[in-house]
Asks: 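Here you go, one structure.
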There are 2 protein chains.
Amino acid sequence: MKETAVLERFIEGKGLRHSKPREQILSVFLSIEQHITIDELWAAVRKKHPGIGYATVYRTLKLFAECGLCSEINFEDGTTRYEHSYGHSHHDHLICTSCGKFFEVVDSEIEKLQERLVKRYGFQLQYHRMNLYGTCRNCRVGIDRRAARTGVPVHSGKGRAAS
Amino acid sequence: MKETAVLERFIEGKGLRHSKPREQILSVFLSIEQHITIDELWAAVRKKHPGIGYATVYRTLKLFAECGLCSEINFEDGTTRYEHSYGHSHHDHLICTSCGKFFEVVDSEIEKLQERLVKRYGFQLQYHRMNLYGTCRNCRVGIDRRAARTGVPVHSGKGRAAS
DNA sequence: TTGATAATGAAAGTCATTTTCATTAATTGG
DNA sequence: CCAATTAATGAAAATGACTTTCATTATCAA
Ligand SMILES: [Mn+2]
Ligand SMILES: [Mn+2]
Ligand SMILES: [Zn+2]
Ligand SMILES: [Zn+2]
């Protein structure tokens with residue numbers, strides 16, 4: 001099913017009303033393949049549809065989340081981001097703490113072990129969030145160069161996750 | 001080394017000053033084995049030491065984080081929590097979405113696979129955050145009972161993590 | 001004891017949401 | 001099509017969790 005159809009069905013199913021702003025926001029949202037903040041999406045939406053207000057983007061994104069078109073992600077930087085979720089399967093994130101570059105990753109073995117882990121505690125897993133923070137190869141080159149200049153090594157060695 | 005000593009050394013090392021509020025906050029913080037919010041800690045601190053202000057608790061917690069006495073955690077509920085980190089090794093969290101009960105967990109196999117995963121992308125892991133959300137056994141009993149009464153099944157079956 | 005200055009408490013400021021409310025726009029029964 | 005009903009919207013105000021400011025207090029080295 002197409003995303004617009006997903007939205008329409010959801011709206012009808014809940015006795016809500018169709019509206020232009022929602023269609024326009026969906027169209028712009030789908031055109032951007034990113035982990036986008038409300039402000040960023042609002043800016044993009046306004047370029048094509050100047051009248052639309054922040055609150056409408058905000059409310060519409062919540063609606064999209066409800067009908068499975070998007071999901072919220074949190075990289076602990078103080079603002080929520082949204083990503084497409086319809087037709088996109090589950091994935092986790094690998095984020096460079098230096099330049100912000102990220103990858104979407106899945107490791108099926110880890111996913112299996114997560115199931116095993118929660119079962120040990122009598123839990124039934126609903127969802128999980130796994131963010132791996134580190135430095136990408138590019139940034140390490142820069143860091144090493146700086147370290148060579150200053151004589152101060154910046155990263156410690158093996159770098160096993162802590163805290 | 002004792003936690004108070006960790007704090008003292010850090011303070012001396014940075015040329016800061018000892019102060020009663022910091023000692024008092026540390027003492028109360030250490031007495032509470034929880035994932036506590038600033039407000040909760042402030043409330044607990046004020047019971048014993050009424051004069052202490054929110055800002056001081058806030059600043060002191062940041063200080064503790066700097067010297068490794070506590071670390072921040074984020075359960076995506078809008079407020080940051082703090083947990084003891086001195087003498088506590090890395091762990092992840094298993095959280096019941098129904099009652100809020102949680103477990104601190106570690107799966108060494110997962111930790112190894114995380115290393116392997118990031119290497120594939122040329123990253124050097126610094127730290128990670130893994131939160132597993134689900135329903136605990138107790139809550140499922142309640143849910144099943146409700147379902148039996150209403151005839152509406154609440155959880156779907158296998159329940160593999162999504163989103 | 002004293003001067004320099006770090007620490008503190010109260011209050012004000014930020015900033016990302018979240019809600020309110022008057023107005024606009026879908027929907028629906030005539 | 002038309003009017004009544006009420007959901008949706010935009011602008012602005014309100015929230016809430018931090019963060020910072022600033023006048024005052026407490027430390028501490030000399
Ligand atoms: Mn993603
Ligand atoms: Mn913990
Ligand atoms: Zn990078
Ligand atoms: Zn529970």
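Every chain is numbered from 1, with letters handed out A, B, ... down the list of sequences.
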Asks: Taking CG from B:Asn74 and C1' from D:dC18, how many angstroms apart are they, rounded to a whole number?
Replies: 13 Å
Asks: Toward the 5' end of DNA chain D, which comes first, B:His18 or A:Tyr54, by nearest nucleotide?
Replies: A:Tyr54
Asks: Pick base, sugar-phosphate or nothing for B:Arg22, based on heavy-atom distances below 4.0 Å to the nucleic acid.
Replies: sugar-phosphate
Asks: Using a strict cut-off of less than 4.0 Å between a Lys/Arg side-chain nitrogen and an Asp/Glu carboxylate oxygen, indicate whether A:Glu8 and A:Arg22 qualify as a salt bridge.
Replies: no
Asks: Does any N or O in the side chain of B:His91 come within less than 3.5 Å of the main-chain N or O of B:Ser89, such that one atom is a donor and the other an acceptor?
Replies: yes
Asks: Could you tell me whether the side chains of B:Glu23 and B:His49 share a donor-acceptor contact shorter than 3.5 Å?
Replies: no
Asks: Without decimals, in angstroms, what is the distance between B:Leu16 CG and D:dA26 P?
Replies: 19 Å
Asks: Looking only at the side chain of A:Ser19 (C-beta and beyond, no hydrogens), which of the listed nucleotides C:dG9, D:dT9, C:dT18 gets closest?
Replies: D:dT9
Asks: Round to a whole Å and report the spacing from CZ of B:Phe75 to P of D:dA17.
Replies: 17 Å
Asks: Which whole-number value in Å describes the distance from B:Ile38 CD1 to D:dT20 P?
Replies: 12 Å
Asks: May I ask you to say what A:Lys62 touches in the nucleic acid, namely base, sugar-phosphate or nothing, with a heavy-atom cut-off under 4.0 Å?
Replies: sugar-phosphate
Asks: Distance criterion of 3.5 Å, no angle test: do you see the side chain of A:Arg17 paired donor-to-acceptor with the base of C:dT24?
Replies: no
Asks: How do A:Lys20 and B:Gly53 order along DNA chain C: which one's closest nucleotide is nearer the 5' end?
Replies: B:Gly53
Asks: Figure out the CG/P separation between A:Asp39 and C:dC15, and round it to whole Å.
Replies: 12 Å
Asks: Contact class for A:Thr80 vs. all strands (heavy atom < 4.0 Å): base, sugar-phosphate, or nothing?
Replies: sugar-phosphate
Asks: Please check: side-chain N/O of B:Trp42 versus main-chain N/O of B:Tyr58, any donor-acceptor pairing under 3.5 Å?
Replies: no
Asks: So which nucleotide from C:dG9, C:dT18, D:dC18 ends up closest to the side chain of A:Tyr58?
Replies: C:dT18
Asks: Record whether the side chain of B:Arg59 comes under 3.5 Å of the base of D:dT21 through a donor-acceptor pair of N or O atoms.
Replies: yes
Asks: Relative to the ring of B:His35, is the ring of B:Phe75 parallel (under 30°), tilted (30 to 60°) or perpendicular (over 60°)?
Replies: tilted
Asks: Between C1' on D:dT9 and CD1 on A:Ile11, what's the gap in Å once rounded to a whole number?
Replies: 14 Å
Asks: In this structure, how many angstroms lie between the P atom of D:dT9 and the CZ atom of A:Arg46, rounded?
Replies: 16 Å
Asks: When the distance from CD of A:Glu72 to C1' of C:dA16 is rounded to whole Å, what number comes out?
Replies: 12 Å
Asks: Which part of the nucleic acid does A:Gly15 contact within heavy-atom distance under 4.0 Å: base, sugar-phosphate only, or nothing?
Replies: nothing
Asks: What's the closest nucleotide to the A:Ala55 side chain, out of D:dA11, C:dT17, C:dA7?
Replies: D:dA11
